[in-house]
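Below: one structure, written as structure tokens.
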Amino acid sequence: MISSRNTTAAPDIQQATSAERILSTALDLFAVKGYDATAVREICEAAGITKPTLYHFYGSKDGVLQALVRTGFLQFRGLVDAALATPGSFRQRVKVMARSVFESASRKPRFWRFMHSVIWAPPGTALPQTESCTQFYDGVVGALALAADEAVLQGEIAPGPTDVRMLILMGAISETATGYVIAGKPELTPELADELVDVIIDGWSRVGGR
């Protein structure tokens, strides 16, 4: 009985390990060599799996790419949603978001470099369609915009053009993280995240106090 249960469970553990190893290996190769220059054979050899195993889980190299992109979008949206669900003022919740983004970019620069290449890929490349990137971005900005509008109603910040404010906020956070991922600076510290948010939201506040 014990032997039978172990025999049944082992393939599930191996499958999960293989699937995750494929994504991790592909991410490293895509981030360094680029998607088009990376062959399925290279992914399989580096991951220690066979081509049929990759095709079983993801169907193709494009399937691996799509899985990585979905994972990236979901992780970023998770950071935003978790920050906005944190108790506190709008300013405090945005600081949590900025800190989380900076911490993630510091820990996983290759992943962020890869996602940057996807989002800014020229039209007509083999990378995911712009529509999926747009839907993801609109969802993130929409959640932040709703929180900002609620902050206006609560008197935390003064009324103002929400769409422009979102451009400023998202641009500042993403540009800072991208600078680190690409050039290694600035250092993505919690203090920098807080200061960046304070400078922005002070400009939206009636009295500019923290």
Side-chain angles (χ1 to χ4, degrees), residues 6-82 97-140 170-171 173-189:
N6 287 344
T7 301
T8 302
D12 292 336
I13 295 172
Q14 182 60 43
Q15 286 179 357
T17 302
S18 297
E20 293 168 359
R21 192 162 64 246
I22 291 168
L23 291 185
S24 176
T25 302
L27 171 62
D28 288 341
L29 290 170
F30 292 165
V32 174
K33 298 185 61 175
Y35 174 81
D36 291 329
T38 301
V40 170
R41 172 186 53 79
E42 292 177 280
I43 298 173
C44 295
E45 290 179 354
I49 52 96
T50 63
K51 285 186 179 181
T53 300
L54 183 146
Y55 296 144
H56 167 72
F57 285 113
Y58 302 109
S60 64
K61 186 175 77 167
D62 181 66
V64 174
L65 176 69
Q66 298 292 341
L68 281 171
V69 172
R70 284 194 301 272
T71 299
F73 286 170
L74 288 173
Q75 287 181 0
F76 189 87
R77 181 60 191 264
L79 293 180
V80 174
D81 289 345
M97 183 191 76
R99 284 184 173 214
S100 297
V101 170
F102 285 6
E103 192 270 339
S104 178
S106 296
R107 282 192 302 107
K108 300 182 290 186
R110 282 192 175 182
F111 185 81
W112 281 76
R113 191 179 299 117
F114 163 75
M115 291 302 297
H116 184 273
S117 71
V118 169
I119 293 171
W120 294 106
T125 64
L127 294 172
Q129 296 298 312
T130 305
E131 181 180 0
S132 64
C133 297
T134 302
Q135 290 173 348
F136 154 74
Y137 181 81
D138 288 347
V140 169
M170 293 296 290
I173 293 175
S174 63
E175 179 66 18
T176 306
T178 298
Y180 172 81
V181 168
I182 294 176
K185 58 183 180 181
E187 184 180 355
L188 301 180
T189 63

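Because the structure is a prediction, the values reported are computed rather than measured. FYI, the numbering just counts along the sequence from 1.
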Would you give the length of the straight line joining atom CD1 of I22 to atom CG of L27, rounded to the nearest 0.5 angstrom? 13.5 Å

Under the side-chain contact (heavy atoms from CB on, under 4.5 Å) test, which residues partner L74, sequence neighbours left out? none

Please tabulate, one pair per line, all N/O donor-acceptor pairs under 3.5 Å involving side-chain atoms of residues 178-188, not counting sequence neighbours.
unit_1 : atom_1 : unit_2 : atom_2 : d
T178   : OG1    : S174   : O      : 2.8

Contacts of L23 that satisfy side-chain contact (heavy atoms from CB on, under 4.5 Å) - sequence neighbours left out: Y58, V64, A67, L68

Partner residues of R70 under the salt bridge (charged side-chain N to carboxylate O under 4.0 Å, His left out) criterion, sequence neighbours left out: none

Can you name the residues that form a side-chain hydrogen bond (donor to acceptor under 3.5 Å, both in side chains) with K61, not counting sequence neighbours? none

Is the closest side-chain heavy-atom distance between K108 and Q75 below 4.5 Å? yes

Value rounded to 0.5 Å, distance of CD in E20 from CZ in F57: 9.5 Å

Scanning both residues in full, the closest heavy-atom pair of F73 with F136 reads O-CE1, 3.4 Å

Pairing residues for T50 by the side-chain contact (heavy atoms from CB on, under 4.5 Å) criterion, not counting sequence neighbours: P52, T53

Distance, nearest 0.5 Å, that separates CD1 of I43 from CG of D28: 11.0 Å

Minimum-distance pair of heavy atoms, taken over all atoms of I173 and F102: O-CE1, 3.8 Å

Under the salt bridge (charged side-chain N to carboxylate O under 4.0 Å, His left out) definition, can you give me all pairs with a residue in residues 174-183, not counting sequence neighbours? none

What are the two closest heavy atoms between A31 and R113, and how far apart are they? O-CD, 4.3 Å

Partners meeting side-chain hydrogen bond (donor to acceptor under 3.5 Å, both in side chains) with S104 (sequence neighbours left out): W112

Set of salt bridge (charged side-chain N to carboxylate O under 4.0 Å, His left out) partners for R99, sequence neighbours left out: D194

Less than 4.5 Å apart, side chain to side chain, heavy atoms only: is that true for L29 and E42? yes

Hits for salt bridge (charged side-chain N to carboxylate O under 4.0 Å, His left out) against K51, two or more places apart or cross-chain, chain-then-number order -> none

Measuring from atom OG of S24 to atom CZ of F111, what distance do you get when rounded to the nearest 0.5 angstrom? 11.0 Å

Kindly write out the residues that satisfy side-chain hydrogen bond (donor to acceptor under 3.5 Å, both in side chains) with R77, not counting sequence neighbours, or none if the list is empty. D81

Between F76 and V140, what is the shortest heavy-atom contact and its length? CE2-CG1, 3.8 Å

side-chain contact (heavy atoms from CB on, under 4.5 Å) partners of R107, counting only residues at least two apart: E103

Heavy atoms only: give me the nearest V69-M115 pair and the separation to one decimal. O-CE, 4.0 Å

